[in-house]
**Student:** 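What follows is a structure written as structure tokens; I'll ask about it next.
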Amino acid sequence: MMHYVIIGMGVAGFAAAESIRRRDPYGEIHLVSEEPEGYYSRPGLAYYLSDEITEKLLFPFTHKEIHTLGVTQHVARALCILPETRRVELSGQVRLSYDRLLIATGAEARPLDIPGSEAEGVVKLDCLGDARAILRQARRTKQAVVVGGGITALELVEGLRARRVKVHYLLRGERYWNNVLDPIEARIIEKRLKEEGVQIHYHSELGEVIQKNGRVVGVRTKDGLKIDCELLAVAVGIQPRIELAVAAGIAVERGILVDEYLRTNLPDIFAAGDVAQVYDPASGKAMLDSLWGPAREQGAVAGLNMASSPEEFQPYSKKVPFNVTRLAGLTTTIIGTVGQGRDDDLLGIARGDSETWRQLPDVLAVQSDFEVNRVRLLLGERRLVGAVVMGDQKLSHPLQHLIRQGVDISPIHERLLQPGAPLAEIIIEYWLDYQQREGHAA
Amino acid sequence: MYNEFTMGFKRLFHQEKTKRQTLVTGQVVPETTRCVQCGICSFSCPINIDVRRHAWLGQPVEDSHCLTCGECVKRCPRGVLSFERTHIFKGA
């Protein structure tokens with residue numbers, strides 16, 4: 001009987017367990033996670049903070065259903081991996097033997113690197129425990145400061161606003177998420193945040209956390225502005241949790257390097273999800289994603305391969321990354337490569353983010369907008385390489401497929417480039433034609 | 001021979017037939033790659049269908065109790081759900 005050990009119970013770990021069980025009904029599956037809550041929807045935390053769902057809703061599966069999967073859960077910290085003896089040591093002096101091991105430890109928030117950042121009242125949004133802590137503290141918070149960028153920063157801003165906390169949002173530069181959104185998109189988001197009562201401070205870098213008796217009472221920016229607050233929420237990016245892998249001698253760069261079968265350089269050890277740095281055929285580089293969909297797919301493929309012999313291995317092919325999210329209440333789809341450069345508000349990657357989004361080659365950008373509805377297309381010579389759809393999402397689905405499948409758009413290339421071109425109409429028309437040609441269902 | 005009662009009955013029957021036909025010709029389908037299992041769909045369902053489970057499994061909401069009311073489709077923050085015709089009567 002095979003022994004499978006999965007470290008991490010996020011979506012990659014859970015999908016791997018499901019996949020192993022489908023392939024091997026008798027193998028022993030051990031799931032190791034420090035979080036006592038088990039498997040829950042990490043992206044759902046944003047809606048939990050904003051009071052749109054209850055905590056119970058974060059759990060997609062009942063205990064009974066997880067039990068039916070036939071996994072043994074260990075609420076423990078994995079201390080080290082011993083590849084020579086094929087063992088994993090856990091806290092509580094537990095040792096697990098493995099025939100196949102999956103590292104799906106995910107990523108964690110980067111800490112602030114300024115004086116006072118260890119004070120009580122400095123919060124992040126990594127896990128359910130963090131969300132609970134924010135909600136607990138928000139009850140006695142009148143004013144909060146949020147620093148950072150990307151999706152998580154806005155989840156914090158909006159979550160706190162929904163809890164009637166006055167929010168100051170510090171941006172280092174002159175706009176939000178400047179290496180993914182263009183200036184107009186950023187302004188739309190910022191305007192909506194301001195309408196919700198959020199005070200945005202541009203060109204403001206956090207200098208110091210002011211504390212009293214170990215608690216946050218305010219912050220001071222580098223240019224001397226002092227803001228009183230009881231809560232400081234930080235979302236300056238995430239870092240893959242690679243310490244275990246590094247200590248075990250597994251090859252890493254920013255994340256754990258894996259081959260097309262999601263194997264690491266050590267035998268029978270696989271990696272998947274936010275911790276894995278996966279080869280991206282489009283850019284020719286190994287990239288990090290922090291996206292739920294790819295994490296699930298990687299977990300499923302890794303699980304399948306863990307329960308298969310090498311000749312049956314399935315390759316994982318990294319697809320064009322996309323995410324649908326809500327920014328300041330506005331549904332936004334980001335597909336493919338849409339920006340470049342760096343964002344001073346983030347150190348590396350953020351949650352719900354993909355490094356691929358910022359690999360924009362020299363392409364032409366066209367856009368059209370009406371009030372808050374906006375679409376921006378990044379045009380290569382023969383295909384679309386990226387798109388941002390804000391507000392009205394009619395184009396989201398067609399663009400997702402046109403970009404992901406690399407559909408030849410040369411017949412409409414010229415029309416799209418004409419000044420004032422009705423992009424939405426042209427894309428929809430082309431999409432309907434394409435579906436008919438390919439015999440897709442309407 | 002028609003009277004008010006039979007006319008009323010026929011109208012009611014016609015309405016019920018139309019409603020049933022609408023229900024069986026359309027269903028809610030998920031696009032799994034967009035779903036993050038946040039649960040807003042299941043939370044919004046007035047008759048407590050676990051729509052999220054269908055989305056995870058990539059299966060249409062074939063529950064015969066589904067009213068196709070559209071609450072889950074409307075409230076999903078990520079555009080996972082849409083209506084699709086079932087073509088159940090196609091060729092009938």
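So you know, we letter chains A, B, ... as the sequences are listed, proteins then strands, and number each from 1. Below, each value reflects all heavy atoms present in this structure, side chains not excepted, and no hydrogens, waters or symmetry copies.
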**Student:** With only heavy atoms counted, which part of A:T331 is less than 4.5 Å from chain B, the side chain, the backbone, both or neither?
**Tutor:** side chain
**Student:** Identify which one of A:D126, A:T152, A:N323 satisfies the side chain to side chain donor-acceptor pair (under 3.5 Å) criterion when paired with A:R351.
**Tutor:**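 Result for side chain to side chain donor-acceptor pair (under 3.5 Å) with A:R351: A:D126.
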**Student:** Given a strict heavy-atom distance threshold of 4.5 Å, which part of A:F59 is in contact with chain B: side chain, backbone, both, or neither?
**Tutor:**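 A:F59 touches chain B through backbone heavy atoms alone.
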**Student:** Show the nearest heavy-atom pair for residues A:M9 and A:Y39, with the distance to one decimal.
**Tutor:** O-CD1, 3.6 Å
**Student:** Is chain A contacted by the side chain of B:R75, its backbone, both, or neither, given a heavy-atom distance below 4.5 Å?
**Tutor:**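 Neither the backbone nor the side chain of B:R75 comes within 4.5 Å of chain A.
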**Student:** Select, from A:P43, A:A46, A:P294, the one with the greatest count of heavy-atom pairs under 4.5 Å involving chain B.
**Tutor:**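 Ranked by heavy-atom pairs under 4.5 Å with chain B, first place is A:P43.
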**Student:** Give the intermediate values and the outcome of side chain to side chain contact (heavy atoms under 4.5 Å, CB included) for residues B:R52 and B:F43.
**Tutor:** CA-CA 9 Å; B:R52 166 166 57 182; B:F43 190 49; over 6 Å; no
**Student:** Charged N to carboxylate O under 4.0 angstrom, A:K319 versus A:E297?
**Tutor:**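 Between A:E297 and A:K319 there is a salt bridge, with a charged N closer than 4.0 Å to a carboxylate O.
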**Student:** Is it the backbone or the side chain of A:F61 that comes under 4.5 Å from a heavy atom of chain B, or both, or neither?
**Tutor:** side chain
**Student:** Measure distances from A:R296 to the heavy atoms of chain B and classify the residue's part below 4.5 Å as side chain, backbone, both or neither.
**Tutor:** side chain
**Student:** Parallel, tilted or perpendicular: which fits the ring planes of A:H401 and A:H397, with parallel below 30° and perpendicular above 60°?
**Tutor:** tilted
